[in-house]
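Input: a single structure, listed below in structure tokens.
Labels below follow one simple rule: chain letters A, B, ... track the order of the sequence lines, proteins then strands, and each chain is numbered from 1. Quantities reported herein were computed from a predicted structural model and do not represent experimental measurements.
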2 protein chains.
Amino acid sequence: MELLLIKRKNEPFAGELALPGGYVAEGQTTTEALDKVLSRKAGLNLGQLKYLEQLYSFDTVARDPRGHAVSVTYYGIGNDLKVSYQKAGLENPEFFPINELPPLAFDHLKIVEYARQRLQSKLSYTNIAMAFMPKRFTLSQLQTLYEQIAGHPLDKRNFRKQIQAQNLIKETDEWYKEGRHRPARYYVFAKQTVQNLDF
Amino acid sequence: MELLLIKRKNEPFAGELALPGGYVAEGQTTTEALDKVLSRKAGLNLGQLKYLEQLYSFDTVARDPRGHAVSVTYYGIGNDLKVSYQKAGLENPEFFPINELPPLAFDHLKIVEYARQRLQSKLSYTNIAMAFMPKRFTLSQLQTLYEQIAGHPLDKRNFRKQIQAQNLIKETDEWYKEGRHRPARYYVFAKQTVQNLDF
DNA sequence: GCAAAAGTGTTACATCTACACCCATGA
DNA sequence: TCATGGGTGTAGATGTAACACTTTTGC
């Protein structure tokens with residue numbers, strides 16, 4: 001599991017790694033601004049994300065030396081995201097493994113931790129896991145995801161029972177046949193949209 | 001359980017009931033603005049609240065004809081709150097039973113419903129209930145609160161078992177002796193602060 | 001044939017749910 | 001004495017947690 005960071009071009013914290021961010025223009029919604037910032041600075045498109053949720057709004061008066069009023073933060077999830085490095089003006093977007101993050105500018109690490117926490121609790125009562133998965137996947141892949149978010153290993157048999165009991169996934173007749181071991185059955189999610197309980 | 005509403009003085013929706021709101025001045029945090037708005041328009045003080053949490057940030061470009069950028073919303077909880085009607089400039093703040101709300105301006109009803117939902121889920125994994133209760137209370141009073149938020153009746157014995165198992169409350173040697181029936185034991189919360197998992 | 005990951009059931013234990021009666025008081 | 005809300009336990013069902021071996025494949 002990886003997190004997209006950019007290398008800041010401007011002060012403060014120029015040259016340091018940070019979450020991508022930018023300004024909201026007059027008459028623009030925060031999600032419109034998000035879309036623009038994402039594509040301009042990070043080479044990603046909102047449409048590539050399978051899930052997007054508002055995280056929190058921070059008062060930046062105290063946090064940011066430039067003294068702006070509010071930072072509305074979002075977190076998004078996608079599978080097999082590729083940044084388009086060709087674009088001009090990008091701030092070197094790069095994915096970093098979530099468990100070995102480099103030092104971040106501002107208090108962005110706290111924000112990341114908060115998002116992680118939120119994600120973890122959402123896993124238990126939504127099908128948000130879907131947003132991380134490709135169209136078809138094996139149960140081991142799914143379990144690995146859950147373990148990454150939970151931060152500890154899970155029992156294979158119990159995990160499979162629980163997942164199957166939720167009716168979120170359906171088995172297919174396709175098989176993953178890599179490596180010198182028994183093939184694994186591919187599964188797909190039963191509902192093709194991620195629930196979003198927010199506005 | 002009651003919700004504080006004001007009667008709007010200004011357009012749009014002048015004369016209609018709404019959640020109290022206002023502007024954030026340059027260099028001000030949203031909570032500072034909240035404090036000012038509360039006391040100026042609603043005759044309440046942030047300090048009277050036992051719990052405060054950011055609810056959501058709405059893009060008001062579309063929602064509000066005045067075309068402002070973002071509304072950062074908060075919800076707060078207190079016990080035995082009294083508005084100071086004496087203050088000048090108040091917009092007729094009044095408490096309304098949460099289950100019989102009048103029509104509201106803007107889409108404030110949706111916001112209220114969202115807050116309710118959030119509150120309900122928080123009850124299960126925090127001691128947020130505390131914020132609604134006076135210092136000492138009977139188990140029946142507490143159960144009534146939980147039933148109001150849940151929207152359905154709860155089993156008395158199961159409720160008591162669950163509550164006691166959480167170690168959130170302690171019994172006292174004091175008794176509530178009103179009415180012609182057996183007195184009820186007063187309880188207090190074990191921890192005197194409400195957990196706030198947010199920033 | 002062996003290494004590697006896939007797949008599969010059962011039992012003990014904890015938790016949750018449904019349910020009915022006696023108690024202490026004031027009028 | 002009676003009406004009112006306070007207070008208590010148990011049994012069945014459900015859910016959770018712990019645990020080990022066989023299967024299929026590529027090399």
* Structure fact -> From CD of A:Q166 across to P of D:dG15 the rounded distance in Å is 12 Å
* To do: Please tell me which of A:K156 and B:Y176 maps to the more 5' nucleotide of DNA chain D, matching each residue to the nucleotide holding its nearest heavy atom.
  => B:Y176
* Asked: What is the distance from atom NZ of B:K191 to atom CG of B:N167, rounded to the nearest 0.5 Å?
  -> 8.0 Å
* Have a look at B:K161 and say if it touches a base, only the backbone sugar-phosphate, or nothing, with a 4.0 Å heavy-atom cut-off. => base
* Asked: Could you give the CD-to-P distance, from A:E178 to C:dA6, as a whole number of Å?
  -> 12 Å
* Identified side-chain hydrogen bond (donor to acceptor under 3.5 Å, both in side chains) partner of B:Y75 from the options B:Q54, B:R116, B:E53 -> B:E53
* Phosphate OP1/OP2 of D:dG5 contacted by B:S140 side-chain N/O (<4.0 Å) -> no
* Name the nucleic acid region contacted by B:R185, choosing base, sugar-phosphate or nothing; use a 4.0 angstrom heavy-atom cut-off, strictly under. => sugar-phosphate
* Roughly, in whole Å, what's the span from CZ in A:R160 to C1' in C:dG7? -> 6 Å
* Asked: Which residue, A:D155 or A:A184, contacts DNA chain C at a nucleotide closer to its 5' end, judged by nearest heavy atom?
  -> A:A184
* Looking for any heavy atom pair under 4.0 Å, which part of the strands does B:T138 touch: base, sugar-phosphate only, or nothing? -> nothing
* To do: Rounded off to whole Å, could you give me the CZ-to-C1' distance for the B:F159 and D:dG5 pair?
  => 15 Å
* Asked: Please give, in whole Å, the distance from C:dC23 C1' to B:L139 CG?
  -> 16 Å
* To do: Flag the pair A:Y176 / A:F137 as yes when their ring centroid distance falls below 6.0 Å, and as no otherwise.
  => no
* Does D:dA18 have OP1 or OP2 sitting under 4.0 Å from an N or O in the side chain of A:R157? -> no
* To do: Specify the separation, in whole Å, of atom CH2 of A:W175 and atom C1' of D:dT24.
  => 10 Å
* Which one, C:dT25, D:dT24, D:dA18, comes nearest to the side chain of A:R182? -> D:dT24
* What integer distance in Å separates A:L142:CG from C:dG7:P? -> 12 Å
* **Distance in angstrom units between B:N158 CG and C:dT15 P, rounded** => 14 Å
